[in-house]
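Take a look at the structure below.
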Amino acid sequence: MNSRHHNSKPWAANVDLYRKIPTDLMEGSRQGSIFSYIALALMIILFVAETSDFLGGKLETYLAMDVSGEDKRIRLNFNITMMDLKCDWAVIDIVSALGNTQNVSAHVTKWNVDGSGIRVGYRGRNRNQKDIDLYDSTVSETLEELHENGEDAISLDADSLALYKKEHDYVFVDFYASWCSHCRDLAPTWETLAEVMVDAGEALGNEIPHPDDYSEADYLRAKRMQMPVVIAKIDCVSHPKVCNEQELIRAYPTLRLFVDGEPWKAGDYRGHRTITDMVEWLYYAEEQHKELLDGGTESVRTLHEAHGAARERLDDHLKEKEDKRWNNRHMDGKRRLHHDWVDEEHPGCQLVGHLLLDRVPGNFHILARSGSHDLAPHMTNVSHQVNSLTVGDPMAVHRVETSYIKNLPEKLTGKIAPMDGNVYVTENLHEAYHHYLKVVPTQVDGLQIGARFLRAYQILPNSQLAYYRTDMVPEAKFVYDLSPIKVFYRKPNRRWYDYCTSIMAIVGGVFTVVGMLESSVEATVKASRR
């Protein structure tokens with residue numbers, strides 16, 4: 001019994017997972033050495049890959065309902081160039097399920113663009129289109145009453161316009177349409193302006209009785225005028241060729257001054273449509289023209305006399321106010337003329353800024369509209385180039401586009417601004433491109449500034465050409481719809497013990513698999529030798 005107890009081993013010695021094999025029984029081989037190097041190389045490769053993935057880690061994609069409601073409104077950033085639309089008429093409207101906003105001007109800047117696509121001048125920031133006086137309220141007579149003594153505003157057609165431009169230094173033309181309400185309102189004012197200019201011009205150098213409408217002093221000043229201005233008008237309904245093809249008239253009324261047969265360099269008249277304002281503008285035009293010709297001597301300044309005659313038409317209580325406005329404008333008239341650049345053939349406008357949109361389906365569109373003109377729909381061309389169009393915080397957009405965050409999927413960076421650089425040209429009338437934008441909220445781990453997380457938005461665009469009736473003004477429309485599904489790009493949340501487990505699995509797995517391969521090769525070799 002004592003002998004049995006003496007030969008028994010402690011129970012702890014029986015639990016031995018790492019039993020040793022005597023060295024005499026171990027045999028090395030060249031084949032085993034090769035497989036050992038292979039196993040070691042695989043372990044190192046897998047170890048490096050696993051460590052790199054643990055420390056860096058690729059972003060994984062998750063989908064979830066967007067129920068955060070953090071952004072009550074979303075920001076849309078745009079930089080769009082209208083290729084054939086003047087800044088004076090280019091407006092942006094927003095339409096959504098919550099209401100409409102017309103002529104958005106906050107956070108929007110307009111730049112004139114020349115025919116070569118070069119931005120040439122500052123247009124304005126945060127301004128609505130300027131409200132102007134559409135007619136002279138001091139003209140109390142109707143057009144029929146003014147015509148009782150004859151029609152002073154000369155009606156022209158294509159041939160007579162060419163003749164008048166050739167024979168007269170200054171021809172001021174009203175391009176109008178009979179259906180245009182603004183044109184009908186302006187007609188008595190235009191006829192009265194013609195009376196001022198025609199009476200003054202005809203009296204030059206002639207001893208004739210002065211008209212009853214003016215005082216003796218006004219009449220004498222009118223006689224000293226040396227450069228009368230022909231006041232004319234063209235009905236674009238009756239003469240569409242000269243308006244649409246020759247002069248490229250796009251809105252009614254268009255008041256255009258021809259100097260020496262050419263449109264005045266400062267562009268069409270866009271000021272208040274009162275007698276005094278128009279004569280005042282003509283005065284500055286004459287001043288600029290004569291300075292170009294002969295250095296601007298005092299003898300060539302004549303239209304200030306017409307300004308004086310026009311002022312006499314005002315009531316006494318209006319003269320003081322008009323004098324103050326005249327003095328203020330006298331100093332900056334020259335600068336205003338030079339800055340009002342217009343390209344008649346290819347007027348362009350670059351619109352830059354951002355809109356704050358409601359989180360509901362809607363659209364914003366760019367079109368031509370003017371509070372002081374009736375536009376010709378068939379002449380509106382809304383061909384455009386999308387220089388930049390993004391949604392969300394500009395800082396988030398910049399960080400995604402510049403790969404500020406590593407390991408971002410390429411499909412994400414390509415969908416933040418997929419329309420940038422695209423050009424949409426309409427070849428025919430009554431056409432415009434409409435764009436349908438599916439906006440997908442996106443959240444990326446690491447996309448933040450301090451403690452503030454930034455949200456990006458992917459855009460899935462679809463564009464198509466739309467056709468309009470001949471009486472409708474085409475518009476470049478961008479329809480947006482916010483997706484209720486949010487995309488998450490997150491780093492895998494791995495614990496340190498997951499990493500250790502993976503490393504052990506690599507070592508044990510490689511050792512076991514390579515050992516099985518080595519045993520199989522060894523058995524095959526021995527079998528082939530028999």
Side-chain angles (χ1 to χ4, degrees), residues 1-65 399-416 440 442-448 453 456 458 485-530:
M1 183 174 182
N2 293 335
S3 177
R4 182 181 303 171
H5 177 74
H6 178 74
N7 292 333
S8 63
K9 295 182 180 180
W11 65 270
N14 293 325
V15 182
D16 188 357
L17 300 178
Y18 302 99
R19 297 178 181 272
K20 304 299 187 291
I21 301 176
T23 306
D24 296 340
L25 299 179
M26 298 179 65
E27 180 182 359
S29 65
R30 184 179 182 84
Q31 176 181 296
S33 178
I34 293 174
F35 275 95
S36 297
Y37 279 113
I38 293 175
L40 184 61
L42 288 175
M43 290 181 188
I44 293 175
I45 293 173
L46 295 177
F47 173 79
V48 172
E50 183 68 19
T51 302
S52 176
D53 183 67
F54 176 73
L55 296 178
K58 292 184 178 180
L59 298 178
E60 296 182 352
T61 304
Y62 303 90
L63 299 178
M65 290 293 295
R399 293 196 172 193
V400 172
E401 290 182 333
T402 57
S403 300
Y404 178 84
I405 302 174
K406 296 181 179 180
N407 301 322
L408 276 177
E410 292 184 3
K411 62 181 180 180
L412 172 61
T413 57
K415 292 179 181 178
I416 293 296
V440 182
T442 305
Q443 193 157 337
V444 183
D445 274 357
L447 188 59
Q448 62 186 88
F453 289 91
Q458 299 183 63
I485 304 298
K486 178 193 283 189
V487 179
F488 292 86
Y489 291 97
R490 293 179 175 174
K491 295 180 180 179
N493 189 15
R494 296 186 61 188
R495 303 292 184 179
W496 63 270
Y497 46 79
D498 291 333
Y499 169 71
C500 294
T501 302
S502 298
I503 296 301
M504 293 179 182
I506 289 174
V507 174
V510 171
F511 181 83
T512 301
V513 172
V514 174
M516 293 172 60
L517 291 175
E518 193 276 335
S519 299
S520 300
V521 172
E522 178 67 19
T524 302
V525 171
K526 288 182 178 181
S528 63
R529 290 177 180 177
R530 295 178 180 176

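Not measured: the values here are computed from a predicted model.
Residue pairs meeting the salt bridge (Lys or Arg N to Asp or Glu O under 4.0 Å) criterion with at least one partner in residues 499-508, sequence neighbours excluded, are absent. The list of salt bridge (Lys or Arg N to Asp or Glu O under 4.0 Å) pairs with a residue in residues 29-43, not counting sequence neighbours, is empty.
Here the side chain of Ser52 pairs no donor or acceptor atom with the backbone of Ala49 at under 3.5 angstrom.
Between the NZ atom of Lys486 and the CD atom of Gln443 there is a distance of 4.5 Å, given to the nearest 0.5 Å. Separating the CD atom in Glu518 from the CZ atom in Phe511 is a distance of 10.0 Å, to the nearest 0.5 Å. Separation of atoms CD (Glu50) and CG (Asp498) is listed at 9.5 Å; rounding is to 0.5 Å.
Under the ring pair (Phe, Tyr, Trp, His ring centres under 6.0 Å) criterion, Phe488 pairs with no residue at all, not counting sequence neighbours.
Side-chain contact between Thr501 and Ile503: absent, with no pair of heavy atoms (C-beta onward) separated by less than 4.5 Å.
The two atoms that bring Val487 and Thr61 nearest to each other are CG1-CG2, 3.9 Å, heavy atoms only. The two residues Gly32 and Ser36 have their closest heavy-atom pair at O-OG, 2.7 Å. The two residues Phe47 and Ile506 make their nearest non-hydrogen contact at N-CD1, 4.2 Å.
The only member of Val514, Thr512, Val513, Val507 that meets side-chain contact (heavy atoms from CB on, under 4.5 Å) when paired with Val510 is Val514.
Shown here is Tyr499, whose OH atom has more than 12 heavy atoms of other residues, nucleotides or ligands within 6.0 Å.
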